[in-house]
Amino acid sequence: MANNTPQAVRGTQDIFGADAEAFAFVVETFERVRKLYRFRRAEMPVFEKTEVFSRPLGETTDVVSKEMYSFEDRGGESLTLRPEFTAGIARAYLTNGWQQHAPLKLATHGPLFRYERPQKGRYRQFHQINAEILGAGEPQADVELLAMADQLLKELGIDDGVTLQLNTLGDPESREAWRAALVEYFSGHKDALSEDSQERLVKNPLRILDSKDRGDMAIVAGAPAIDDFLTDEARDFFAAVTSGLDAAGVQYERNPRLVRGFDYYRHTAFEFVTDRLGAQGTVLGGGRYDGLIETLGGPHTPSVGWAAGIERLAMLVGEKGESRVEIAIAAESRDREADAASAVAMFRRMGISTELFASGSPRKRYDKARKAEPGVLVSMDVRDGKDVQNWLVTLPEIDRQEEAFQAFLARWDIPDDNSL
RNA sequence: GCGAUCGUAGCUCAGUUGGUUAGAGCGCCGGUUUGUGGUACCGGAGGUCGGGGGUUCAAGACCCCUCGAUCGCCCCA
């Protein structure tokens, strides 16, 4: 049957029914909250010149060479399907002169692409909601962004079991000093480290801190903490962020081992995590990326942002049923199909959601309509050569029930003993 | 890129230590009850058992390869 049908590409998904409703609920809630915080909408292209994404990443070979969906267009130019929002936003900020709007609060959402092996909560085409504040160097920006994320999760009803983990990576001096201390420390324990972490020691030493290897975790417990390497300025910045969160009533947990892999990150780093999503515990993550825009040839532009996977949020949101049909109309006789269609059109024009049941065996249409669990079930039939209709209200009653009933009565008779 | 588990009708699954024309429930389609009715009855469509090769008198069941799915590792912007 399906042996001649092309299959969907690995890691892509078709979302439908309850899952699609949960997905839409996440997006709608995000849109509402983003307006509350006065973030402006922006839409960026789904693909960019490859360097938009590769330049900020520097020489992180794995990510650039293995994780990006890159291809050449007909002109021989290397293009890449966006693996994240931030770089594209930064590019748009520069090429459109959005500096004039700084500090600029932007929100967007849509599909992203990463060439990964799919697993729970990870897809090759996935979707994120995203919020950024560009051109804002004050800790207050971090606080506002986090407060927004916090409120979003609450309004999604998933704050229970999700905790905000917060850390600072300091300014470049702090970060470099910490990094050097970590390399020294881990080098001293090199033989005890897992194979993976021995590689990380060379490629990305900070990442040893979130190793999943039990042996590594024991060593990590004794590793130097960032706090001992913060400059006064970096310490003050972080203190301003935490006191701002306290003032805003945002709960958080300090995680001194939370890190970011790329050099453009500065100061605040955060993740909202849960243990309910298998290996993918991060529900929403972000941080301050003061160094990013310079890598794209722009002026120093301190900025903060976060992103969250819509699929992951949707999994936590739980079942979201499709909305109830307000009116279902069953044409129980073929001779009443035109009437039923006309009634359906009338209700829909009134702004009432209506479904028509006029296909298949006429005898079974009533049962089908009944199974749709409508607020009002209208039957249209022919008995003893006469047109007959019935109006059945189920509980809870729909809004504007009486109005709909009167509109129907104006065109079709309903005997007293059959009405309501 | 690596590993584990899995792959039978649209969906959820059953198919004994390999043995004759591959099943059920739900759904779908048609019909019956001349019916105010969601739950009853009858019938029907739909599967080359993911694909290819092999072992065997015989394979949905065993072996190999391949494709796909799920979960995990690596990576995580």
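Sequence lines set the chain letters: A, B, ... in the order given, protein chains first and strands last, and positions in each chain run from 1.
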Q: Nearest whole angstrom, please: distance from the C1' of B/rC76 to the CD of A/Glu84.
A: 11 Å
Q. Are OP1 or OP2 of B/rC76 and a side-chain N or O of A/Arg207 less than 4.0 angstrom apart?
A. yes
Q: Can you tell me the distance, in whole Å, between the CG atom of A/Leu209 and the C1' atom of B/rC75?
A: 16 Å
Q. With both distances under 3.5 Å as the test, what is the Watson-Crick or G-U wobble partner of B/rC62?
A. B/rG54
Q.
Nearest to the side chain of A/Leu57, heavy atoms from C-beta on, is which of B/rU70, B/rA77, B/rU33?
A. B/rA77
(Q) Could you tell me how far apart A/Arg260 (CZ) and B/rC75 (P) are, to the nearest whole angstrom? (A) 15 Å
Q: Specify the separation, in whole Å, of atom CD of A/Gln119 and atom P of B/rC74.
A: 10 Å
Q. A/Gly285 near the nucleic acid: base, sugar-phosphate alone, or nothing, with a heavy-atom cut-off under 4.0 Å?
A. nothing
Q) Is any side-chain N or O of A/Arg200 under 3.5 Å from a base N or O of B/rC74, one able to act as donor and the other as acceptor? A) no
Q.
Pairing check on B/rG37: which nucleotide meets the Watson-Crick or G-U wobble criteria with it, both distances under 3.5 Å?
A. none
Q | Opposite nucleotide pairing with B/rU21, Watson-Crick or G-U, both atom distances under 3.5 Å | A | none
Q) With sugar-phosphate meaning primed atoms plus P, OP1 and OP2, does A/Thr86 contact a base, only sugar-phosphate, or nothing at under 4.0 Å between heavy atoms? A) nothing
Q | Identified pairing partner of B/rG3, criterion: Watson-Crick or G-U wobble below 3.5 Å | A | B/rC71
Q. What interatomic distance, in whole Å, is found between C1' of B/rA77 and the corresponding atom of B/rG25?
A. 48 Å
Q. B/rC73, B/rC67, B/rG37: which one has an atom nearest the side-chain heavy atoms of A/Gln7?
A. B/rC67
(Q) How many whole angstroms separate atom CZ of A/Arg324 from atom P of B/rG38? (A) 18 Å
Q. A/Arg363 side chain: which of B/rG38, B/rU32, B/rG3 is closest?
A. B/rU32
Q.
Partner lookup for B/rG46, please. Criteria are Watson-Crick or G-U wobble with both distances under 3.5 angstrom; report none if nothing qualifies.
A. none
Q.
Can you identify which nucleotide, out of B/rG38, B/rC73, B/rG30, has its nearest atom closest to the A/Asp367 side chain?
A. B/rG38
Q.
Please tell me whether A/His101 and A/Tyr93 form a close aromatic pair, meaning their ring centres lie under 6.0 Å apart.
A. no
Q: When you get a sec, tell me which of B/rG27, B/rG37, B/rC73 is the closest nucleotide to the side chain of A/Glu332?
A: B/rG37
**Q.** Proximal nucleotide (of B/rA77, B/rU33, B/rC67) relative to the A/Tyr265 side chain
**A.** B/rA77
Q.
Go nucleotide by nucleotide along RNA chain B from the 5' end; which of A/Val9 and A/Leu277 gets its closest nucleotide reached first?
A. A/Val9
Q) Do any N or O atoms from the side chain of A/Arg334 and from the backbone of A/Ala358 form a donor-acceptor pair under 3.5 angstrom? A) no
Q.
Suppose you measure atom C1' in B/rC63 against the same atom in B/rU20; what distance do you get, rounded to whole Å?
A. 25 Å
Q: Measure from the side-chain N and O atoms of A/Ser197 to the backbone N and O of A/Arg200, and report whether any donor-acceptor pair falls under 3.5 Å.
A: no
Q) Distance between the C1' atoms of B/rA9 and B/rU70, in whole angstroms? A) 22 Å
Q. With a 3.5 Å cut-off and no angle check, do the side chains of A/Arg336 and A/Ser333 form a donor-acceptor pair?
A. no
Q.
With nearest nucleotide decided by heavy atoms, which residue, A/Tyr264 or A/Val382, maps closer to the 5′ end of RNA chain B?
A. A/Val382
(Q) As a test of reading the structure: which of B/rA77, B/rU36, B/rC75 is closest to the side chain of A/Asn390, going by heavy atoms? (A) B/rU36
Q | Short side-chain N/O contact from A/Lys212 to OP1 or OP2 of B/rC73, under 4.0 Å | A | yes
Q) Taking the same atom, C1', in B/rG46 and in B/rC11, what whole-Å distance lies between them? A) 13 Å
Q. Can you check whether A/Gly286's main-chain N or O pairs, donor with acceptor, with A/Arg260's side chain at less than 3.5 Å?
A. yes
Q. A/Arg370 CZ to B/rU36 C1': how many Å, rounded?
A. 10 Å
Q: Kindly say if A/Ser379 contacts the phosphate of B/rU36, meaning a side-chain N or O under 4.0 Å from OP1 or OP2.
A: no
**Q.** Atom P, compared across B/rU16 and B/rG72: separation rounded to whole Å
**A.** 31 Å
Q: Quick one: label A/Glu199 by what it contacts on the DNA or RNA (base, sugar-phosphate, nothing), any heavy atom closer than 4.0 Å.
A: nothing
Q: Return yes if the base of B/rG30 and the side-chain atoms of A/Lys364 contain a donor-acceptor N/O pair under 3.5 Å, otherwise no.
A: yes
Q | Span that lies between the P atom of B/rG50 and that of B/rG68, in whole angstrom | A | 16 Å
Q.
Could you tell me how far B/rC26 sits from B/rU39 if I compare only their C1' atoms? Round to whole Å.
A. 14 Å
(Q) Looking only at the side chain of A/Arg10 (C-beta and beyond, no hydrogens), which of the listed nucleotides B/rG38, B/rG68, B/rA77 gets closest? (A) B/rG68
Q. What about A/Phe405 and A/Trp391, are their ring centers closer than 6.0 Å?
A. yes
Q: State which residue, out of A/Asp290, A/Leu146, A/Leu134, A/Asp142, fulfils the side-chain contact (heavy atoms from CB on, under 4.5 Å) condition with A/Val304.
A: A/Asp142
Q) At under 4.0 Å, does any side-chain N or O of A/Lys368 touch on OP1 or OP2 of B/rC29? A) yes
**Q.** Proximity to the side chain of A/Arg122 - top-ranked nucleotide from B/rC71, B/rC74, B/rU39
**A.** B/rC74
**Q.** Any donor-acceptor N/O pair, A/Lys368 side chain to A/Gly360 backbone, under 3.5 Å
**A.** no
Q.
In this structure, how many angstroms lie between the P atom of B/rG3 and the CG atom of A/Asp196, rounded?
A. 15 Å
Q: Specify the closest pair of heavy atoms between A/Phe408 and A/Ala343, including all atoms of both residues, with the distance to one decimal.
A: CE1-CB, 4.1 Å
Q: Could you give the distance separating B/rG18 and B/rC49 at their C1' atoms, to the nearest angstrom?
A: 14 Å
Q) Expressed in angstrom and rounded to an integer, what is the separation of A/Arg117 atom CZ from B/rG3 atom P? A) 9 Å
(Q) Tell me whether the side-chain N or O atoms of A/Arg383 pair up with the base of B/rU36 as donor and acceptor below 3.5 Å, since no angle test is needed here. (A) yes
